[in-house]
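Fair warning: this is a prediction, and the values are worked out from it, not measured in the lab.
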Amino acid sequence: MISFGRPSLPGMAGTPLLDDLRAALGDAAVLTDPDLLRMHERDEADLCAAGTPLVVTRPRDTEQVVAVVRAAARHGVPVVPQGARTGLAGAANAVDGAVVLSTVAMDRILEIDPVSRIAVVQPGVVNAALAGAVRGHGLWYPPDPGSWESSTIGGNVATNAGGMCCVKYGVTTEYVLGLTVVLASGEVLRTGRRTAKGVAGYDLTRLFVGSEGTLGVITEITVSLRPAPAESLTLVAVFGSTAAAGTAVAGIAERGLSPSLLELLDRTHLTAIEAYRPMGLRTDAQALLLAAVDTGSRAAADLARIAEVCEAAGADEVWTATDAVEAAALLQARRLAHPAMEKFAADAFPGGNGGLVIDDVAVPRGALAALLDGVARIATECAVPIGVVGHAGDGNMHPNIVVDRADPASVERGRRAFDEIMRLGLELGGTCTGEHGVGLLKRDWLAREIGPVGIRVHQAIKAALDPAGLFNPGKVL
């Protein structure tokens, strides 16, 4: 269920806390301008509750994060970690009177080790910046969320972000070897390793990956790197229905093919992208599959086999990008899906009041066609426009529900559609979030998915690490 209220917590500390923060960080890193506070109220999740923080802090290293956490704890004030605020589940939304701990100033790549194939970064390093820095060493950092040109590694780790290459290379957690974390006590915990292998103790690193700032503040991240892949070959398949595209995805998996990218865009998204940035997309198609392979000398043969599967599933047209420039343009079209849909939603209602409720549901690949059919049925039953885009190759889809913010009935229909999609995803053996995280948006659905025993274990871990409940309150649990 979506939260629409305004979160608040009593007991603002006011001037004494601000004095402590300025003494520790300096005036320039302690921001209280009302306009800046409003800018830091929320991430990009639409229609999620948010409060106004008391202050935004911008520490530059672990020691300064320790100072912020300890000062907030002394005054009993919650701490909300934020990165670039590109999240889509409300995980970075502030609560009234909180200290926002922004990591944007912690933007240094501390080390690149091409022998061990690792990098050590601060959390404010932008994903694309890391990718560019390691490219010169012939290396690659695979996780690539759609917001990779602006989202930070810290935010990617906190939400266990995915991306378009996940179908072959996995999500963020597969590449996080170790962390430095500031705990609620102000102590500094170092988890994990730098070695290629290591199984000592509990896997605390994975505990913090995806914890959305509720267990600690991540201040350094050791990530594993891969050799840069061979240049990929790309094709596009056009379908008369989203379900037929889903059937093709299942067939590709069944035949043991390993695309490095397998993305689906429905007609709503194709229309929105073409209106946002014209590039000749087939807006008459009901669905488009974008596939790529990076298997070197086998790439052409593998791509041909994928084309055969698409044709057998009923594709109206299949064509291959002629060069890297054309392939990059197709990939860019996929990356434009979110901003294009934001404009589509804004233009859909008078006064620019259109909003997006962005779902994130993952199902087994064999259930993808059933999910897509179900979303179409839900859109009709709830009388709301829903566009579907996502990582078809791993069954992770993003239904985008368009609502009129100014119309309570429209918002209510959108909320009902959201819940029906969540229910369908779980019934199909799926999960309530494949990559965006829980945040505020999915708390009730997380509880349904993991059950009462799972919730008690989550609560026990939270109580052990953050007994006063000051880290990112109201998120996840």
Would you compute the distance between atom [atom1] of [X] and atom [atom2] of [Y] and round it to the nearest 0.5 angstrom?
| X | Y | atom1 | atom2 | value |
| --- | --- | --- | --- | --- |
| Ile421 | Leu371 | CD1 | CG | 8.0 Å |
| Thr62 | Gln64 | OG1 | CD | 10.0 Å |
| Leu356 | Leu47 | CG | CG | 9.0 Å |
| Leu215 | His458 | CG | NE2 | 9.0 Å |
| Asp360 | Met422 | CG | CE | 7.0 Å |
| Arg334 | Leu264 | CZ | CG | 9.5 Å |

[X] to [Y] - nearest heavy-atom pair and separation:
| X | Y | result |
| --- | --- | --- |
| Val361 | Gly425 | CG2-CA, 3.7 Å |
| Leu88 | Asp43 | N-OD2, 4.2 Å |
| Arg194 | Asp113 | NH2-OD2, 4.1 Å |
| Ala161 | Val171 | O-CB, 3.7 Å |
| Gly83 | Val104 | O-CG1, 3.6 Å |
| Ala94 | His40 | CB-O, 3.9 Å |

Give a yes or no on whether the backbone of [Y] and the side-chain of [X] come within a donor-acceptor separation of less than 3.5 Å.
| X | Y | value |
| --- | --- | --- |
| Arg85 | Ala92 | no |
| Gln122 | Asp107 | yes |
| Asp359 | Pro399 | no |
| Thr57 | Val100 | yes |
| Tyr175 | Arg226 | no |
| Glu111 | Val120 | no |
| Thr103 | Met106 | no |
| Glu449 | Cys432 | yes |

Notebook entry, point to check: Would one find more than 12 heavy atoms of other residues, nucleotides or ligands at under 6.0 Å from atom CZ of Arg60?
Noted result: no
Margin query: Quick check on side-chain hydrogen bond (donor to acceptor under 3.5 Å, both in side chains): which of Thr173, Thr172, Asn127 does Asn156 satisfy it with?
Written below: Asn127
Margin query: Once side chain to side chain donor-acceptor pair (under 3.5 Å) is applied, what residue pairs with a partner in residues 402-411 remain, sequence neighbours excluded?
Written below: Asp46-Arg405
Do [X] and [Y] have side chains that get closer than 4.5 Å, going by heavy atoms?
| X | Y | answer |
| --- | --- | --- |
| Phe208 | Leu465 | yes |
| Glu435 | His391 | yes |
| His269 | Asp266 | yes |
| Thr219 | Asp61 | no |
| Arg193 | Ile118 | no |
| Leu36 | Val56 | no |

Can you list every pair that meets salt bridge (charged side-chain N to carboxylate O under 4.0 Å, His left out) and has a residue in [range], with sequence neighbours left out?
| range | answer |
| --- | --- |
| residues 165-192 | Lys168-Asp294, Glu174-Arg206 |
| residues 463-473 | Lys462-Asp466 |
| residues 338-349 | Lys343-Asp347 |

Check: Is any side-chain N of the basic residue among Glu41 and Arg38 closer than 4.0 Å to the acidic one's carboxylate O?
Finding: no
Can you list, pair by pair, the side-chain donor-acceptor contacts under 3.5 Å of residues 470-477, counting residues two or more places apart and other chains?
residue: Asn472; atom: OD1; partner: Lys475; partner atom: NZ; Å: 2.6
residue: Asn472; atom: ND2; partner: Ala91; partner atom: O; Å: 2.9
residue: Asn472; atom: ND2; partner: Glu212; partner atom: O; Å: 2.7
residue: Lys475; atom: NZ; partner: Ala91; partner atom: O; Å: 3.4
residue: Lys475; atom: NZ; partner: Asn93; partner atom: O; Å: 2.5

Check residues 132-146 and write down every donor-acceptor pair under 3.5 Å in which the side-chain atom is one partner and the other belongs to a residue at least two apart or another chain.
residue: Asp144; atom: OD1; partner: Met164; partner atom: N; Å: 3.0
residue: Asp144; atom: OD1; partner: Cys165; partner atom: N; Å: 3.2
residue: Asp144; atom: OD2; partner: Arg335; partner atom: NH2; Å: 3.4

Notebook entry, point to check: Is the gap between the ring centers of His338 and His398 under 6.0 Å?
Noted result: no
